[in-house]
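Report on the following structure.
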Amino acid sequence: DNPFIDYGRYADALLGRDVEGVLAHFREKIAQEPDESMPAQVLVQLLLKLGRPAEALTVAREHLSDMPASHLTCPTPLQLA
């Protein structure tokens, strides 16, 4: 994995470029790395920045519910509800 590619994709989405493709990219990372929470945390943050809080809540509930708040870089499912 190259974090610079992920950062570029994240920036593209914030600029309105290929938003759905970028979201699919991060969803795929979640599927490829099910034991890692960072892809889900990044996706939650991105969805919030894109004004899609309901989707962010769904991702957080599915992938971050068991994580203590102190280990998250994004809001918890409870904070998003």
Side-chain angles (χ1 to χ4, degrees):
D1 274 337
N2 185 334
F4 295 108
I5 291 172
D6 291 340
Y7 180 79
R9 300 294 315 262
Y10 190 98
D12 282 343
L14 294 178
L15 294 170
R17 291 186 237 158
D18 190 27
V19 172
E20 294 307 316
V22 173
L23 296 177
H25 168 78
F26 284 104
R27 287 186 175 106
E28 180 62 28
K29 288 186 74 73
I30 292 169
Q32 290 175 353
E33 303 172 25
D35 295 331
E36 296 292 328
S37 68
M38 192 52 67
Q41 293 182 61
V42 170
L43 182 56
V44 166
Q45 291 172 345
L46 180 56
L47 288 164
L48 289 172
K49 289 182 185 230
L50 294 173
R52 295 163 85 161
E55 289 177 65
L57 175 58
T58 298
V59 172
R61 281 184 176 158
E62 289 176 4
H63 302 285
L64 304 174
S65 290
D66 295 335
M67 297 283 300
S70 61
H71 292 133
L72 296 175
T73 61
C74 66
T76 67
L78 182 60
Q79 291 168 325
L80 293 170

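The analysis underlying the following values was restricted to heavy atoms, covering all of them including side chains, and did not include hydrogens, waters or symmetry mates. This is a predicted model, so every value here is computed, not measured.
Within the structure, the salt bridge (charged side-chain N to carboxylate O under 4.0 Å, His left out) test picks out the following pairs touching residues 50-59 (sequence neighbours left out): Glu20-Arg52, Arg27-Glu55, Arg52-Glu55.
Legend: residues meeting side chain to side chain contact (heavy atoms under 4.5 Å, CB included) with Leu15, ordered by chain and number and at least two apart, are Arg17. For Thr58, there are no side-chain hydrogen bond (donor to acceptor under 3.5 Å, both in side chains) partners two or more places apart in sequence or in a different chain. Residues satisfying the side chain to side chain contact (heavy atoms under 4.5 Å, CB included) test with Val42, not counting sequence neighbours, are Tyr10, Phe26, Met38. With sequence neighbours left out, the salt bridge (charged side-chain N to carboxylate O under 4.0 Å, His left out) criterion links Glu36 to no other residue.
Pro53 has its side chain within reach of Leu48: a pair of non-hydrogen atoms, C-beta onward, lies under 4.5 Å apart. For the pair Val22 and Leu14, the minimum side-chain heavy-atom distance is 4.5 Å or more.
Scanning all heavy atoms of the two residues, the minimum distance from Ala40 to Val59 falls at O-CG1, 4.0 Å. Here the closest heavy-atom approach between residue Pro77 and residue Leu57 is recorded as O-CD1, 3.4 Å. Considering all non-hydrogen atoms of both residues, Ala60 and Leu80 come closest at CB-CD1, 3.7 Å.
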Step by step, work out the side chain to side chain contact (heavy atoms under 4.5 Å, CB included) result for His25 and Asp18. CA-CA 10 Å; His25 168 78; Asp18 190 27; over 6 Å; no
Below 3.5 Å, can you tabulate the donor-acceptor pairs from side chains in residues 62-75 to any protein atom, sequence neighbours excluded?
unit_1, atom_1, unit_2, atom_2, d
Ser65, OG, Arg61, O, 2.7
Thr73, OG1, Gln41, OE1, 2.9
Thr73, OG1, Gln45, NE2, 3.2

